[in-house]
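Handing you a structure now.
Quick note on labels: first sequence line is chain A, next is B, and so on, each numbered from 1.
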Protein chains: 2
Amino acid sequence: MNDVHLASTIAAAGRDRKCADGIMLETMTEGAAMPAVSATQGRSAGKDPAARRRAGRPSAAVLDKAGITVAALALISRKGYDGLTMAALARSLDVAPSALYNHVSSKDDVLLLVEDHLVEMVDVSGFGAGPWDAAVRRWAWSYREVFAQHTPLIPIIAVLPVANAPKTLAMYEAVTAGFGAAGFPAEKTISAIVALEAFVFGAAYDVTAPADIFDAGTLAAQTPNFTSAVDRLAAEQHPRPADVAFSLGLEALITGFDALRNR
Amino acid sequence: MNDVHLASTIAAAGRDRKCADGIMLETMTEGAAMPAVSATQGRSAGKDPAARRRAGRPSAAVLDKAGITVAALALISRKGYDGLTMAALARSLDVAPSALYNHVSSKDDVLLLVEDHLVEMVDVSGFGAGPWDAAVRRWAWSYREVFAQHTPLIPIIAVLPVANAPKTLAMYEAVTAGFGAAGFPAEKTISAIVALEAFVFGAAYDVTAPADIFDAGTLAAQTPNFTSAVDRLAAEQHPRPADVAFSLGLEALITGFDALRNR
DNA sequence: GATGCTAAATGAACGTCATTCATTTAGTGC
DNA sequence: GCACTAAATGAATGACGTTCATTTAGCATC
């Protein structure tokens, strides 16, 4: 009964990784590194579970954090978060499950890598160019869009110390700078961002909710006000009701916070 | 690394259950029913795991949904959500784990029972008495307070069809009625409630976040704006920073929605 | 009053999953 | 050449949710 997410086009867009974070240094030692790298990315449907490579340290490292992150993302978009098991992840990388633990300390650590990768897709380009309210609007919509496809990460990111996620920290820096440049009072900036983020996370869940979530069923007779209000909303025929609620709340927050700025 | 919740005084308040839902009819047949009932409520730290009762249907039913709900709540406040396993729940009720499945269909079903019980503690008493904004304020604060202690339920309640949770539906009815009585446009009511709820759920996570969540650590030098803003907030010495963000966002939402009312 | 039906318990077993540990092998620094 | 560490395999472990066969109790029906 846990949430199964369909393949998301957004997640598939995260294919363009530059050159990893650090570890890639060892690839210069010998030419045998190349096939190892292609194995990390290309051979996802290898038929032999783990029969070719014998025990012991291989000449070129098979795994690194960047490769694990990409494989996890691909697995999630193919099978959803229920399909993301350490065994499945290992199989998609053509290694034994225990090999993963040389690079990550736990499954939560994998989720953290995924989270920090996804944050890069959040659009902060509006800050520093154009008006403040448009920047907030663009940021919030894209933020919600990304995590609506990855709601199982929300409980993690919501309480995650930023020191553990450099890309997430970079996003906060960009947003904070944008608030400051727009004349937002410094002592209220973090609180405002936290409030906007809380709204974004909660709204991300709404996107994935079933269409009939507000159908009271047999109890409709006992909830006349609620049922009537649901009908009134349905009569408006919005393609995505969650968008209406998100827009309504976001505009209220933007208007309210806008009034706090000095200019 | 999953969330461990400390014992909450709120959860302990759910002790007063009336008399179960239905099944209690059979207790009139014989006097042996009494010890069985006291076993459900009183003997929580029974030393014998399940040795006294022999196989087969007992004279008086040992389990019912209300008893399972209360036991789950007690277990959660003692051991947190990590401690809520079907085996532990069964042990606290002095039954075999498989016996639970005669009354609930899955562990998620147990969580749904808990959720619907907790919603009763949300304060909707402001609606129908006093001004609209005060009612929303009281509702939102109490809603956040309850679920801050039960964040693992948020992914469930956020996408839960209301027909499956009668108490939750009752809450929506009360809030919707309050909005209508205050002149809120009917076609926007559900969207406004959904937006407020999204904010509440997201904010509930913030309450449980570690105090040093915004400590950038070694990366502080690369994030001057963010680090400075964090320091400015810290200088204000608020006892609970999450409350400041919640208040800031909630007041903006209330103000924004207030402007939509007809009066 | 025997017979069947269903509800509600036990106890054994299963399958999945994250994680650990001993072992093997490859490269690096002294 | 030698110790040390990194990175892989493979086997094993321990939870945990769930299912299934079995047993027993009460109720309804003929």
Rounded to the Å, how far apart are Arg53(A) CZ and dA26(C) C1'?
-> 13 Å
Which heavy atom in Tyr205(B) sits nearest to a heavy atom in Ile154(A), and how many Å separate them?
-> CE1-CG2, 4.1 Å
Starting at CG of Leu111(B) and ending at P of dC16(D), how long is that distance when rounded to a whole Å?
-> 14 Å
d(OH, Tyr81(A); C1', dT16(C)) in whole Å = 20 Å
Closest non-hydrogen atom pair between Thr208(B) and Ala148(B), with its separation | CG2-O, 3.1 Å
Base-contact (B) and sugar-phosphate-only (S) positions in nucleotides 17-23 of chain C, heavy-atom cut-off under 4.0 Å, - elsewhere = SSBBB--
By ring-ring contact (aromatic ring centres under 6.0 Å, His included), Tyr172(B) pairs with (sequence neighbours left out) Phe226(A)
Just list the side-chain donor-acceptor pairs under 3.5 Å for residues 211-220 of chain A, sequence neighbours left out, or say none.
residue, atom, partner, partner atom, Å
Asp215(A), OD1, Gly217(A), N, 3.0

Whole-Å distance, Leu93(B) CG to dA9(C) P, equals 10 Å
Side-chain donor/acceptor of Asp206(B) to backbone N/O of Ala242(B), under 3.5 Å | no
dA6(D) phosphate, OP1 or OP2: any side-chain N/O from His103(A) under 4.0 angstrom?
-> no
Check if the side chain of Asn102(B) and the base of dA9(C) share a donor-acceptor pair of N or O atoms closer than 3.5 Å.
-> yes
Return yes if some donor-acceptor pair links the side-chain N/O of Lys107(B) with the main-chain N/O of Leu84(B) below 3.5 Å, else return no.
-> yes
